[in-house]
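Reading through the structure tokens given below for one structure.
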Protein chains: 2
Amino acid sequence: MEHDDDPSRPATRWADAWRGVLFANAKVLRIAERDLVEREGFPVAWLDVLAQLYDAPGNALRMQELEERSLFTRSGLTRLVDRIEAAGLVRREPVPGDRRGVSVALTPEGRRRHDRAFVEHMRVIEREFGGRLTPAEQQAVADALAGFWHGDLESPTTAG
Amino acid sequence: MEHDDDPSRPATRWADAWRGVLFANAKVLRIAERDLVEREGFPVAWLDVLAQLYDAPGNALRMQELEERSLFTRSGLTRLVDRIEAAGLVRREPVPGDRRGVSVALTPEGRRRHDRAFVEHMRVIEREFGGRLTPAEQQAVADALAGFWHGDLESPTTAG
DNA sequence: TGTCAATAGATGCAATGTCAGTAATTGCGG
DNA sequence: CCGCAATTACTGACATTGCATCTATTGACA
């Protein structure tokens, strides 16, 4: 992936864009991970789960819903929730209509920890990520990549 | 809902930009990981190592250099190299001047596997990532995030 | 009602990653 | 030359993750 600055052949810019995503993610997340563990004693994966529950109606989600929304550890969710539950931040509850299902709910303690951790986490992200971009760049990246989250991107994988 | 172009309050766009980075990375990488394992029988972490060696002068790097450049698995490099070496894709060699050191070199087989894997990997990235962005968006993201890789971003972490 | 595929989670095992501690080597200061 | 801190890489204990499998429950249907 060397020389393709040629204006007649702009299609290779995605490689640099991808590299940027890769590096930004890795570097910022590494710092944020360290910081969170030091301050709060739990990793970003926990905060991800807590935040999903926080945003959910009733502060609770079924395992499967959690799995769909969670960025990290698509699998292994059972044990992840085990640990968070052991720490008292969430609680498993039976689902009224379906005896197979389990609902994971935020405990009051979990909510407190979430609030504190989230604020500090965002501060770190702002310092390490947002602060390195101009407002225009922030807007551009947000617009360009919006499709990856508020969008469904199943499509092109059908053919296996 | 979309109007935050307000100059008095532009600072919140980085949150959406960050979310985009997070999601794009996670979703695209997950697909690429599966694909690579299926096709080549090794994970992206291997390709990362192979690519670092490929780009290095003499197709070789010391463990520490490898660790600094590697995006994935900052730690655990010893065992990672163990595995790749066991597969015959790299070879450990003593360093002439320093008997503590170890140089990790790409084998001919490693080079072949790298070439093939890299091409296919890039194809997947293009399909899953590049293909979802317009050329203008690709350019914008590449420009905005360039600082995270060709740049040094040590600075603001000094105070711990 | 009995059978069976589908769904929701959990579990076993192997692979991988993390962290602290170890061993060998180097280079400095006396 | 000798002791000692720094550097380089590895090892072992342990936590986490991924994958395939397993159990329980549900819902469709004959």
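Letters A, B, ... are given to chains in the order of the sequence lines, protein chains preceding strands, and every chain is numbered from 1.
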Check your understanding: Which nucleotide, D:dA9, C:dA8, D:dC19, lies nearest any side-chain atom of A:Arg62?
Key -> C:dA8

Review point. Taking atom types as they are modelled, is there a donor-acceptor pair under 3.5 Å from the base of D:dT25 to the side chain of A:Arg99?
Key: no

Check your understanding: Could you state the CE-P distance from B:Met63 to D:dA9, rounded to the nearest angstrom?
Key -> 7 Å

Practice item. Figure out the CZ/P separation between B:Arg34 and D:dC19, and round it to whole Å. Key: 6 Å

Practice item. Using the closest heavy atom to pick a nucleotide of DNA chain D for each, name whichever of A:Ala45 or A:Arg100 lands nearer the 5' end. Key: A:Ala45

Review point. For the base of D:dG12, is there a side-chain donor-acceptor partner from B:Arg79 under 3.5 Å away?
Key: yes

Review point. Quick one: A:Trp46 CH2 to D:dA15 C1', roughly how many Å, whole number?
Key: 12 Å

Check your understanding: Is B:Arg92 near enough to D:dC10 that one of its side-chain N or O atoms lies under 4.0 angstrom from OP1 or OP2?
Key -> yes

Point to revise | A:Arg116 side-chain N/O to A:Arg112 backbone N/O, donor-acceptor pair under 3.5 Å | key: no

Review point. How many Å lie between CG on B:Leu77 and C1' on C:dT18, as a whole number?
Key: 13 Å

Practice item. Take the protein atom CD of A:Gln64 and the nucleotide atom C1' of D:dT26, then report the distance between them rounded to whole Å. Key: 14 Å

Check your understanding: Whole Å only: how far is the CD atom of B:Glu65 from the P atom of D:dA9?
Key -> 8 Å

Check your understanding: Within the structure shown, what part of the strands sits under 4.0 Å from A:Gly76 by heavy-atom distance: base, sugar-phosphate, or nothing?
Key -> nothing

Review point. Is B:Arg30 salt-bridged to B:Glu33, cutoff N-O under 4.0 Å?
Key: no

Practice item. Round to the nearest Å and state the distance from B:Glu85 atom CD to D:dA9 atom C1'. Key: 13 Å

Review point. Checking all strands, does B:Asp98 fall into the base, sugar-phosphate, or nothing category for heavy-atom contacts under 4.0 angstrom?
Key: sugar-phosphate

**Study point:** Pairing of B:Arg69 and B:Asp55 as salt bridge, 4.0 angstrom limit
**Key:** no

Review point. Which whole-number value in Å describes the distance from B:Glu33 CD to C:dG17 C1'?
Key: 14 Å

Review point. Would you call B:Asp98 and B:Arg62 a salt bridge, using N to O less than 4.0 angstrom?
Key: yes

Practice item. Give B:Arg83 one of three labels, base, sugar-phosphate or nothing, depending on what nucleic acid heavy atoms sit under 4.0 Å from its own. Key: sugar-phosphate

Point to revise | salt_bridge(B:Asp16, B:Arg13) N-O dist < 4.0 Å | key: yes

